[in-house]
Every structure is written in structure tokens, then in C-alpha cells.
Enquirer: 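Okay, handing you the structure first.
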Amino acid sequence: MSRFALVDCNNFYVSCERVFNPALEGRPVVVLSNNDGCAVARSNEAKALGITMGAPVFTLEAELRRHNVAVYSSNYALYGDMSRRVITTLGQMVPDLEVYSIDESFLDLTSFRKADVPELCRTMVVTVKRNTGIPVSVGVGPTKTLAKVAAGLAKKHPCLGGVCDVTDAVWRERALAATDVGKVWGVGRRYERFLKVRGINTALDLTRADGAMIQKRMGVNGTRLLSELTGTRCYPLEANPPVKKGVGVSRTFASGIEEQTALTEALSTYAERAAEKLRKEGLRAGIMEVYAMSNRFHRQNFYYNTKTVRFPAPTSDASELIKGALSAFEEIYKEDIPFKKLGLHMRELTLESQEQRLLFDTVDRTRSSALMKAVDAVNGTMGKRILGYASSGLSDPKTWRTRFNHKSPSYTTRWDELLRVS
DNA sequence: TCTGGGGTCCTAGGACCC
DNA sequence: TCTGGGGTCCTAGGACCC
């Protein structure tokens with residue numbers, strides 16, 4: 001029988017901030033989304049205050065002040081780097097590892113002896129904490145979905161010491177009974193409501209539900225979910241991440257923007273960023289979809305439009321992407337609309353290594369790829385955006401820049417922001 | 001006034017083909 | 001009265017994840 005572990009970093013963004021600022025220990029802490037818009041990570045103390053995931057900051061302000069909550073903007077460079085450290089540490093203990101998200105990894109423990117698993121998991125908790133400062137919870141079970149259930153309980157009940165194993169049937173049933181159906185992996189808000197209306201309140205209830213009904217409402221994923229919860233593996237460990245199907249870059253502005261120059265500067269920057277992402281993955285895109293919208297919370301006068309550009313040949317050339325993005329935007333831009341969000345999606349991705357050249361191409365691919373390599377090299381060694389395109393904006397101040405008013409230093413990724421010990 | 005970003009997969013329905 | 005049956009491809013929308 002297969003055995004999986006899920007290692008889940010506790011309140012990951014908050015924990016990263018605490019590693020470099022131990023005074024935050026025991027205090028309520030929240031980390032905010034882009035533009036300092038919503039709470040996206042909360043310490044246990046902040047959760048206890050009733051601060052919910054995704055709550056808009058403007059609804060929390062009084063609460064944050066009253067309880068002296070420490071507030072941080074997202075520091076993606078720091079979190080990304082801390083994530084790599086956690087993954088490296090885990091990889092040294094268990095080689096069969098799938099990086100599931102920035103703060104979660106699945107490990108395949110099938111080849112370990114059952115008797116060794118509890119000790120191994122405890123060692124993981126201690127070692128990751130010692131090497132990185134990040135506290136983690138470990139869940140173990142015969143399927144990924146059950147490992148998730150177990151990790152949820154390990155996090156919720158400190159008396160378990162950060163580890164919960166539901167391999168044995170007795171523990172599994174208890175664990176499922178103690179898990180709200182809405183907390184099950186694959187059950188979101190809609191499905192939760194559907195299930196609870198029908199008296200299915202826990203994960204255990206779900207395992208006893210009518211399979212045909214689940215299949216009808218939740219499709220094949222619902223059927224797989226039932227199998228996984230009852231111990232039949234449907235999802236294998238994916239050690240090698242599959243090739244991406246799409247690459248997107250989008251941003252919401254702190255407030256609505258009407259000025260066309262600012263908007264095209266922003267979009268040009270996103271196109272550059274998208275080209276960079278493509279090149280990093282060794283990919284080229286066949287089409288680009290550009291979209292623009294006004295504030296989606298203002299239901300009256302909501303504006304949304306999108307325009308698709310097809311390239312003559314798959315490309316990751318920044319100037320080609322910028323050109324495409326700006327010409328598409330001209331068709332969806334409207335005066336007098338305060339734009340709140342702009343973005344683009346690259347699709348029909350192909351690997352550079354499987355390139356097909358056009359007989360009559362409008363772009364000199366050899367020159368363009370040499371130029372892009374040079375840009376990547378300079379920006380890689382000398383700092384981001386040393387080299388960039390004029391269309392992405394020479395003017396200051398930039399009304400469209402994302403707001404990060406509470407950001408901590410990039411302690412681990414910038415020499416000038418290293419932690420100082422005095 | 002203020003409410004993120006980046007993904008994946010599935011399904012239904014229409015167009016089109018033989 | 002009666003109006004094939006598959007198959008493929010594409011798109012839009014819905015649901016989920018972190």
C-alpha cells in the first residue's frame with residue numbers, strides 16, 4: 001500500500017516574518033496581499049481575533065489597531081527564498097518529493113518501513129525548524145487527500161506534536177469524523193454548501209454519501225475524492241512538475257487609472273515580465289490574451305474587455321510581446337473608464353527545444369534570442385530591471401505601481417537588506 | 001476611498017465532419 | 001407519425017487549489 005506525507009508550513013508568510021523578527025512571537029500578525037488589500041496570512045493569535053482569510057483590510061482597520069496587530073505587506077522574495085530552504089531540507093531526508101505549493105510538499109514514504117515513519121516525521125518537524133526557523137505540520141496517510149486531512153489535524157491539535165498519521169483504520173475514521181467537510185481538499189464553498197444542505201457535514205459523512213449523487217454534482221473529481229478518502233489512491237506523487245499550459249501576469253491598481261500612458265506603461269511591464277517567465281521555463285507562446293477591467297466591486301458600469309493576439313510564430317521575445325500587448329490594448333482601452341486591473345495570459349505554449357521555424361519569418365529569431373539572453377544575464381547578475389524597455393515607463397512617480405507600505409526587508413536576497421546583528 | 005495573483009481541470013454546448 | 005450516430009475540436013463558464 002502506498003504512503004504519503006504532506007508537510008505543510010504553519011501560517012507560512014507570518015512564520016517567515018517571525019524568523020527575522022522574533023519579537024513577533026506570541027503577537028497577532030497578518031500579512032497582506034498586493035496593494036496591502038486583503039489579509040492572506042494570519043498567525044494563530046490573529047485567527048483567534050476572528051480575522052478571516054482574504055478579509056479586506058479596510059474592514060479590519062479598527063480591529064488591527066485595537067489589538068496592536070503587526071501588519072506586513074507581502075515580501076515575495078523572502079517567502080520564495082525561505083520556501084526553497086524548507087524544500088532543500090526535506091529533500092535531504094526524503095528524495096521522492098513533490099513541491100505542491102510555496103508552503104506545502106508531498107513526500108512518498110512508501111519505501112520506508114512502517115515502524116520508522118513516526119520517528120522520521122518527528123525528525124522532519126525538528127530539522128526544518130532548526131535549519132530554517134519555520135514550524136511545519138506533517139500528515140501521513142495512504143492517499144494524498146488523507147495526508148491532507150491528517151496534516152490539518154496535526155496543525156489544529158498542538159498535543160500531536162506536529163505529526164498526525166491516519167494510516168490505521170481506527171485513526172482514519174476518527175480523523176474523518178473530526179474534519180469539517182468544507183476543509184476537505186477539493187471541497188470549496190459551493191460544494192460545501194451543497195453537501196451540508198444534504199446533511200453531509202464531516203469528511204466521514206462524505207465517505208458514506210451516495211456516489212451517484214456526488215458524481216452528478218461534482219463530476220469525476222468528486223468520484224476520485226470519495227476513493228481517496230476511503231484509501232484508494234487516485235493521485236500519484238508528481239515529482240517532476242508538468243510543463244505549464246499558460247503563463248499570466250496581472251495586477252490590480254491601488255485606485256482606478258484613466259490615463260492611457262500610465263496604463264500602457266503598466267501593460268508593457270507585464271509583457272516584459274511574461275517574456276521573462278516564458279524564457280525561464282524554456283517556453284514560447286503562440287497567442288496572448290490581453291484583458292482590462294474596471295473595479296469589479298462596482299457592479300454598475302463594470303467594464304471588462306479582452307483581445308487575443310496570435311503571433312506569426314511562437315515567441316518569448318519581449319519586444320514582440322510588448323508590441324502585441326499594446327496594439328491589443330488600443331482596441332479595448334476606453335477613455336473615462338477608471339481601469340482597476342490589467343493583465344495578460346500567454347497560451348499555446350511550446351518548448352523552445354521543439355521549435356519549428358517559419359520559412360518567411362518577420363523576426364530574426366537568432367538575433368532576438370541572443371538579445372534576450374543578454375538581457376536575462378545582465379538582469380540576473382546586476383539586479384532586476386537594470387535593462388528594460390522604454391515603453392515600460394521612464395516617468396516617475398508611477399501611479400500604477402503596486403503598493404507595499406508595510407514590507408519587511410528582503411533579508412535573505414538583497415545584500416543591502418541583510419539582517420544586522422549589533 | 002479601500003476588497004491579490006497565479007494556476008489547474010472538468011463539463012456542456014456548438015460547429016463541423018463523415 | 002417519422003428528423004442517425006459518432007467523433008473531434010473549440011470555447012465559455014464553473015469549480016477548485018494555494
Side-chain angles (χ1 to χ4, degrees), chain A residues 6-13 30-41 51-62 64 71-76 79-80 83 98-106 144-145 148 151-152 181-195 214-225 228 234-235 238 241-256 270 273-274 277-278 281 283 287 289 291 293-299 302 304 306 308 310 338 340-349 402-405:
Chain A
L6 176 70
V7 180
D8 193 343
C9 300
N10 301 342
N11 315 328
F12 181 56
Y13 292 180
V30 299
V31 177
L32 308 179
S33 65
N34 278 357
N35 289 316
D36 299 334
C38 308
V40 290
I51 296 171
T52 54
M53 175 70 178
V57 169
F58 70 89
T59 64
L60 300 174
E61 264 154 12
L64 297 177
V71 175
Y72 286 89
S73 302
S74 283
N75 186 341
Y76 298 113
Y79 311 151
S83 172
E98 171 188 341
V99 179
Y100 177 67
S101 73
I102 194 165
D103 67 339
E104 287 172 73
S105 292
F106 284 106
K144 283 180 165 182
T145 307
K148 275 271 218 184
V181 76
K183 295 271 183 282
V184 174
W185 194 32
V187 179
R189 279 229 304 280
R190 297 299 179 94
Y191 292 159
E192 178 181 1
R193 202 179 333 147
F194 170 84
L195 294 168
I214 297 299
Q215 148 85 51
K216 189 161 187 303
R217 176 71 176 90
M218 299 173 64
V220 61
N221 285 327
T223 306
R224 288 184 189 138
L225 175 52
E228 283 256 318
C234 296
Y235 304 113
E238 312 230 23
V243 176
K244 278 200 170 48
K245 305 234 158 70
V247 166
V249 179
S250 68
R251 290 291 179 278
T252 298
F253 307 124
S255 56
Y270 306 162
R273 178 83 192 100
K277 279 191 186 181
L278 289 171
E281 308 256 348
L283 292 167
I287 59 176
E289 196 180 284
Y291 57 93
M293 64 183 86
S294 61
N295 193 326
R296 68 194 165 101
F297 295 99
H298 299 168
R299 299 254 280 281
F302 176 63
Y304 174 87
T306 163
T308 303
R310 176 169 289 282
K340 185 70 175 160
K341 180 175 182 178
L342 240 51
L344 44 85
H345 258 111
M346 312 305 303
R347 291 192 291 128
E348 296 191 2
L349 307 187
T402 310
R403 188 164 61 202
F404 294 98
N405 288 345

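Letters go in sequence order (proteins before strands), and every chain restarts at 1. Since the model is a prediction, treat every value here as computed from it, not as a measurement.
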Enquirer: Can you name the side chain to side chain contact (heavy atoms under 4.5 Å, CB included) partners of A/Ser294, sequence neighbours left out?
Expert: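 Scan of A/Ser294 (side chain to side chain contact (heavy atoms under 4.5 Å, CB included), adjacent residues dropped) gives A/Phe302, A/Tyr303, A/Ile337.
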
Enquirer: For A/Val40, check side chain to side chain contact (heavy atoms under 4.5 Å, CB included) against everything at least two apart and list the hits.
Expert: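 Testing A/Val40 for side chain to side chain contact (heavy atoms under 4.5 Å, CB included), a comparison that skips the adjacent residues, returns A/Tyr13, A/Ser33, A/Met53, A/Ser74.
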
Enquirer: Map every base of DNA chain C to its dot-bracket character, where paired means a Watson-Crick or G-U wobble contact with both distances under 3.5 Å and | marks a partner outside the strand.
Expert: ....||||||||||||||

Enquirer: Looking at residues at least two apart in the chain, or sitting in another chain, which of them share a side chain to side chain donor-acceptor pair (under 3.5 Å) with A/Arg403?
Expert: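 For A/Arg403 there are no side chain to side chain donor-acceptor pair (under 3.5 Å) partners, ignoring immediate neighbours.
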
Enquirer: Output all residues satisfying side chain to side chain donor-acceptor pair (under 3.5 Å) with A/Tyr76, sequence neighbours left out; order by chain, then residue number.
Expert: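 Here the qualifying residues are A/Asn34.
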
Enquirer: Name all pairs fulfilling the side chain to side chain donor-acceptor pair (under 3.5 Å) condition that reach into residues 242-255 of chain A, sequence neighbours left out, sorted by first residue then second.
Expert: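 Output for this query lists A/Lys244-A/Glu281.
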
Enquirer: Using the test side chain to side chain contact (heavy atoms under 4.5 Å, CB included), find all partners of A/Asn295 that sit at least two apart in sequence or belong to another chain.
Expert: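 Once residues adjacent in sequence are excluded, the partners of A/Asn295 under the side chain to side chain contact (heavy atoms under 4.5 Å, CB included) criterion are A/Phe297, A/His298, A/Lys340.
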
Enquirer: Near DNA chain B, under 4.0 Å by heavy atom, which residues of residues 51-62 of chain A?
Expert: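 Correct list: A/Pro56, A/Phe58.
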
Enquirer: Please identify the 5'-most and 3'-most nucleotides of DNA chain B with any atom under 4.0 angstrom from a heavy atom of chain A.
Expert: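 From 5' to 3', the first and last contacting nucleotides are B/dC2 to B/dT11.
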
Enquirer: Holding to side chain to side chain contact (heavy atoms under 4.5 Å, CB included), I want the full list of residues that pass it with A/Ala151, two or more places apart in sequence or in another chain.
Expert: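 Here the qualifying residues are A/Leu6.
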
Enquirer: Under 3.5 Å, which donor-acceptor pairs link side chains of residues 214-224 of chain A to any protein atom two or more places apart or in another chain?
Expert:
from, atom 1, to, atom 2, distance (Å)
A/Gln215, OE1, A/Thr223, OG1, 3.0
A/Asn221, OD1, A/Arg224, NH1, 3.3

Enquirer: Apply salt bridge (Lys or Arg N to Asp or Glu O under 4.0 Å) to A/Asp8 and list each qualifying residue two or more places apart in sequence or on a separate chain.
Expert: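 If we apply the salt bridge (Lys or Arg N to Asp or Glu O under 4.0 Å) test to A/Asp8, skipping adjacent residues, the hits are A/Lys155.
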
